[in-house]
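Contents: one structure, followed by commentary.
This structure is a prediction, so every number in the text was calculated from the model and none was measured. Numbered from 1 within each chain, the chains take letters A, B, ... in sequence-line order.
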Amino acid sequence: MRTKLKFLFFIILPFFAYSQSNLKGTVYDESGEKLPGASIMVKGTKNGVLSDIDGNFSLNLKKDQNEIIVTFIGFNAKTINVAKASKENLKVVLVSSVEQLSEVVLVGYGEVRKKDITGSVVSLKLTDDNINQAQGVENLIQGRAAGVVVSAQGFDPSSPVSIQIRGVNSLSGGTQPLYVVDGIVMGSATEGVRNAMGGYLDAQNAMGAINPRDIESIQILKDASSTAIYGSRGSNGVILITTKKGLAGKTKFSYNMTTKVGNVARNIDVLDGTGYATYLNKTRELLGFTPTYIVESDGVVKDLAGEELNRVNWSDEIYKTSLSYRHRLTVSGGGSEGNTYYMAAGYVASDGNVPNVFSKSTDFSLNLNNKLSSKLKLGTKIAMTSTKNSASRGTEFLGGTNSSMTRQIIGAAPFTAYTPNYFGVPTGDIENVFDGPNAWIRDYDDDSNDFRVLGSLNLEYTINKVFKYRALVGLDYRRVSRQVWYGTSLFRGATANGDAGLSLLDRFRYNIDNTVMFNKTFNKNHRIDGTVGVVVDASTTKNSTFNASNFALKDLRANGISSGQVYQPLIYGTTPESLLSFLGRFNYTYKGKINLTATVRSDGSSKFAEGNKFSTFPAFALAWQMHKEKFMEGFTKLSEAKLRVSWGMTGNQGIRAYQTLTPYNQTAGPYSSASGTGVIALIPSNLANPNLIWETTTQFNTGLDLTFFNKRLTTTIDLYYKDATNLLQNLKIGPSSGYTIITANQGSLINKGAEFTLSADIIKNKGFVWNVYGNISKYKNEIARLGLPPAPFGTNSYSAFLGNNISQGTTFKAPANIFIEGEQAGLFWGYKTDGIINNAEELALASSFNGIAPVLGDVNLVDQNGDKIIDIRDKTIIGNPNPDFTYGFGSNIEYKGLSFNFFFNGVSGNDIANGNLLQEDYGTGNPSNIRKEAYYDAWTPENPTAERPRVGYPLNLVQGTGFTDRIVEDGSFLRLSNVTLGYRVPLEIKAISSMDLSFSAYNLLLFTHYSGYDPEVNSFSFDPTRLGVDWNSFPNQKSFSLGLNISF
Amino acid sequence: MKKSNIFKTLLITTLLTGFTGCSDLLTEKVDTFYSGEQVFSTKEGIETALNGMYFNLSGYNYYGGGWHSLVNPHSGRFYSSETASADATSLNCTPENVTLPNLWAQMYVTINIANNVIYNVENNGVVLDNENFALAQAHFVRGVVYFDLVRLFGAVPLRTNPASLEDVHLAKSPKSEIYKQIIADFEFAKEKLPIAGQYLVDRPLKWAAYGYLAKVYMNMAGEDGGDPSYWQLAYNEAIQVYGKYSLLPNYGNLFTPGIENTSESIFELQYGANGSARTSDMVRLYTPAGSTLAPPTSPTFGRIRPNKEIFDGHRTQYPGDPRIGFTYIFDSYAKFTPAGTFQTVYPKILTGNQSFPLIRKWLDPTYNGAVTTRNFILFRYADVLLMLAEIENELNGPANAYQYVNPVLTRARISSIPVSAEPANWAGMDKTQFRARIMKERQYELLSEGPDWFDTRRRGYEYFKNEIVNVHNNYAPNKASKIDFVYPISEKNMLLPIPTTELSGNLKLTPADQNPGY
């Protein structure tokens, strides 16, 4: 492009006149469309104009003013010497900056031209609309890249998001991709503080430090050929993020503001006060006890003393409209000599749907590029984010009504100021005690501060035409403090007289990349290029936790942790991790038609014992640009056709440090001496496995990129086959060893899949653009080998193991998932049921559980082995959390200044274990409130076709069976995740170059049969042995936002 | 020229930094924990490992809690309102019981630490003056845990070395092998454990090992298929303990907070209000909910309660026995809210959750909700006297056995002011009567102190069926309460099931290794 312009310049040169002072011209984009609103400035002055609606401008130049700068948002600025140019009809062609960048794609330690890519790489084209809608990086990715599944762990503003590329790749060795931002290797997405208090501590978002508005482009590396350069870190895929840089030209200011309101998208209907009282009375009556309420004919409920109870709908009472807003200012620009700058500062505040839940963050980032000499370039980056989160409690290990706010909203008795809803012991004013969910609002804190600095220095030295040397130092520092408080209105706080926990994380990570890049063309037909280098990647993590309870004064809440009268001594630990790697990539291009890539990385990790530290990961890829072959000339509608084939290996070392040693750690508390004082106690904390080696994934990928109709229609198809061997697993071992797990390499996992992406510009006219795009991907995993001897599971004999228990409390204290050799990972494992026992005949055939004989109206548990006793031998496969396929599609329409776009995403064919139903969908007579249908559609002799068991169905049975297919639901859904209407305000104000308004709606429509709050949830998304479970997560929001974007 | 110099310098520096750091960079540095070498190379280090061993023996899942919430209800003498453990409480214990895997795991964690102490102290290459006491305590505790294991589970994996990668999976050893190891451990301990004044006051003396050996032999003599010749061996060991300890003058002092490590205590687990990690859950498990017996800011559960026939049996046998008042909470207890009110319980309430008395032995008026200062005496001198009485009766009849049991009864009588007439001294029984009475007497004296499960089983299945299961199932108030379980008549309850975690995780075990009936 640039040579063409130069050529043009020289052609028109002779026609230029010399003496005129008035300059007239027209600004065009590369496609020849005229550009209105471009800024034309006389260099070194404040004298300038904007081009009119037809792209024309006219400018007065003084005698010695020979240079003008033409700028327009989204285009590269252009400096033109007009001394010898035509002053009457100057034609200025601006080149789109976006377009130019997309031609070169980052592939890790270097970049390649997009058309020369040999591997499977998704390059996300980000539009302003995309960015405006995004809360975080995950929103830019969700549904937009085939084979990439984004799932929420919860719907708090601080909830983490899990991203899985091409299926479940590991059974414990970490499943999250590697994030690299401008060459900085980021800490893991699963990183978080340790738990100070026992029980369960929700993970929080560890990727919040990247502001979507700073992102220029995202590359998702999927196949082994592209990820092998990241060797040991690449097996879960790599997400490369490039942030915005300044562009030469006039300083540009841009300000963005968004305001968003949201409401709970879907609710769960539970019994109202009257229904609840009727239900409990009925249950007690059936069990032979006296009723606890007086229910009057007008619905008024009184207690036995005759006091009227205040009926309440807790959802209405608690869920509120959330208000979120964002402000962001960016300043960018630069001189023509390659010295550019980009600065941004912003503030984001997001609310949850329950009071006291929010996330607020302030960030600042700076990207500088300096050309130190003709051969030396320096890139400097610094980005800081400070986030304050306040969360409530959804997912919990215990999962009882007392231990989670979600459970309280659903399960608390629907009366206010009602004694059984108080967990505290009222010692003073009733105002100081809060009931039901209010207790969680008023007496629970989970506050965290997350401070993060990313920084890098990137020095690039051009040695000669062939070689370039690059030294990059990347830093990622993160400090998190998180404090949790349980006041005395909560069960936990009440039993401890106030309970506070403080957890600190202090982590410093750095990477030093030394790379030499080369690029050489021989006699026009052969070109080689590539990278070799040495990379060091190391981190030190310091964790400390402190816990105190029994507070005489509680006003300071968790801040007063030092005054707890019962306390745990500080627990402190450091974890160093390091990697030393040697890498090389060689690309060979023949006649611009055939591209060959060979990659190798040799990694040494501190996590393995001497002798097992190093491993080498090779990869090869071939791409054939078929459209350049003669035989393709006949296909005139085909613009490009590229066939890609790749094979390679990557590794995974995502295990905890120190697994090859047996460290002695302190016990949870001290032992006590005869005098009652604490004495230090040390115990061996894990079983050393010096034989640990890398988990290795071998991946084969083949793909076809086709574009038609002058690049208006683009399609990509990829097929892959991944085989992960020597899986790093936390194997459960017999506790008779003195340990319950050991980290070991065992088994292999196969993932195979197909991905299809399509993008079409249906209309691309002057002023009217209509684009549709979509992707669909299907994958299937299979546990190829587990290395476990077959053992009886149910009536079968499998080589298999069970996942972790979902809860440690009384409900769902069972694993949901089974991992069977030869099957998909994580199938649901539990009891099959066959409706309700509704006549004597069925009763005679029904089986007993735990010695509890069945009666009419009970759930009919299926006796698999025919012994008429339901026990673990009757468990069987009752569902599959793995989807058949995932998809996303959307469309952009732009007409003059108006833009409209929408985006759908969906998942099909997966099951969800809705653990909440165990507490909501059985009328056990337990004082927890239940769903309406659990009472109104309960079995009675008069209603024998009911789908739910009788009221008074024993809680022992619900809890004892743990997991039945009654709580397995179809998790398929299709969601209209966002719709945006944008409008570029036509302004004739000099100071403002553009102004855009946008109105967006999120989560507007959701099509699903799932009965919980939201199907797109995975409560334990970072635990690969608890898949597809919904456990007390908060509801999702439906929200609307208004955004304003001004550039000047 | 100049440029290439710059390049060379850069490249050389970087490669150098890359390589020199290399060997060091990839070594895992032990920064914030100790290595085995560090722990076992000093006297103080060894003590920290011993503390770790006692910490687990007394831990939340073992004697601090799991024992009480699983083993006591499963003994047939207690009810537990914990619905999640209803399987065990109703004597239908499943291998997935909520507490069972944790109890089993913590028992073996304790054994593994004992093995680590023994192995490392023997191989640390230095001589330290607390080595013998350390080895003796490790052998003693290992004996205690295996003795618990073999009685609760029968044949189990026998591990006497620190676990390593090579022997993670281990088959079960027959009961006889386990007993052999237990005897060897106590024999070692009785030689090497200290005598009074030589070492820490809260640690077992050598007589503790003699006492445990006597228990081992009694068990081997009395159980189904047992060999009566073991009674003599039991006597030989138990008589060594006679006179080495003394009974406290007042029964109630045994359960009075602050009175600890007394002359009656043979093996006592230590607790203190240190830290906030729950080490003992006994106070919460036994103290009634909402009562004034614990601070209002530290709510309790009162989950584990004696069965009606157990309470009524004691009152019928010895009306006026002062031990009843120290052992049980019955009729009613005072509640905090509303102040001045009372919660009535058995025998004033006959149906529902409150139709049980409660245990008074484990109260802590200063309980802070997390940790307690209340110690747990695992073995005390009254137990030895009752053992001697039982052994003597088995060997020679009751004539010389009264001298052992009567001091226990006397102490009970003088524990109240004025002194009670009950329990009266024993006299004039025949051997069979004596045997039956001594088993009951153990319940009256030691209820909820640990031996309940063993005392209901060690006389064989017929004893368990007739004296526990049938008595419970035929007791009229139980039938009327609507809440008591009917115990199954099944010999499987002579053992607990091996937890599924062990059967599936230990590759040397097969389903055939599960205990009979499970």
Establish, from distance only, whether the side-chain atoms of [X] and [Y] form a donor-acceptor pair under 3.5 Å.
X: S673(A); Y: D202(B); result: no
X: N689(A); Y: T743(A); result: no
X: N112(B); Y: Y739(A); result: yes
X: N956(A); Y: T83(B); result: no

Chain B heavy atoms under 4.5 Å from [X]: which part of the residue, side chain, backbone, both or neither?
X: L687(A); value: side chain
X: L682(A); value: both
X: S605(A); value: backbone

**Request:** Kindly check if the number of other-residue, nucleotide or ligand heavy atoms within 6.0 Å of OH (Y119(B)) is above 12?
**Result:**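 Open.
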Hey, which of [options] has the most heavy atom pairs under 4.5 Å with chain B?
options: F289(A), Y567(A), F801(A); answer: Y567(A)
options: A496(A), G962(A), P690(A), P670(A); answer: P670(A)
options: T662(A), L802(A), T677(A), I741(A); answer: T677(A)
options: K813(A), K542(A), K732(A); answer: K813(A)
options: I683(A), T667(A), T660(A); answer: T667(A)
options: I872(A), T740(A), L955(A); answer: I872(A)

**Asked** Given the options L149(B), V168(B), T94(B), which has more heavy-atom pairs under 4.5 Å with chain A than any of the others?
**Response**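 Result: the option with the highest number of such pairs is V168(B).
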**Prompt:** Counting heavy-atom pairs under 4.5 Å to chain A, which of L158(B), L165(B), T300(B) comes out on top?
**Reply:**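 Greatest number of close heavy-atom pairs with chain A: L165(B).
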Which region of [X], side chain (C-beta onward) or backbone (N, CA, C, O), has a non-hydrogen atom less than 4.5 Å from a non-hydrogen atom of chain A, or is it both or neither?
X: N56(B); result: side chain
X: T110(B); result: neither
X: V39(B); result: side chain
X: S85(B); result: neither

**V566(A): side chain to side chain contact (heavy atoms under 4.5 Å, CB included) partners, not counting sequence neighbours** =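 By the side chain to side chain contact (heavy atoms under 4.5 Å, CB included) rule, V566(A) matches S549(A), N550(A), S276(B), N368(B), A370(B), V371(B).
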**Prompt:** Can you name the salt bridge (Lys or Arg N to Asp or Glu O under 4.0 Å) partners of R656(A), sequence neighbours left out?
**Reply:**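 If we apply the salt bridge (Lys or Arg N to Asp or Glu O under 4.0 Å) test to R656(A), skipping adjacent residues, there are no hits.
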**Asked** Got a salt bridge between K508(B) and D513(B), using NZ or NE/NH1/NH2 to carboxylate O under 4.0 Å?
**Response**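 The answer is no: the pair does not qualify as a salt bridge.
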**Step-by-step side chain to side chain donor-acceptor pair (under 3.5 Å) determination, N92(B) to S90(B)** = CA-CA 5 Å; N92(B) 288 297; S90(B) 65; 3.1 Å; yes
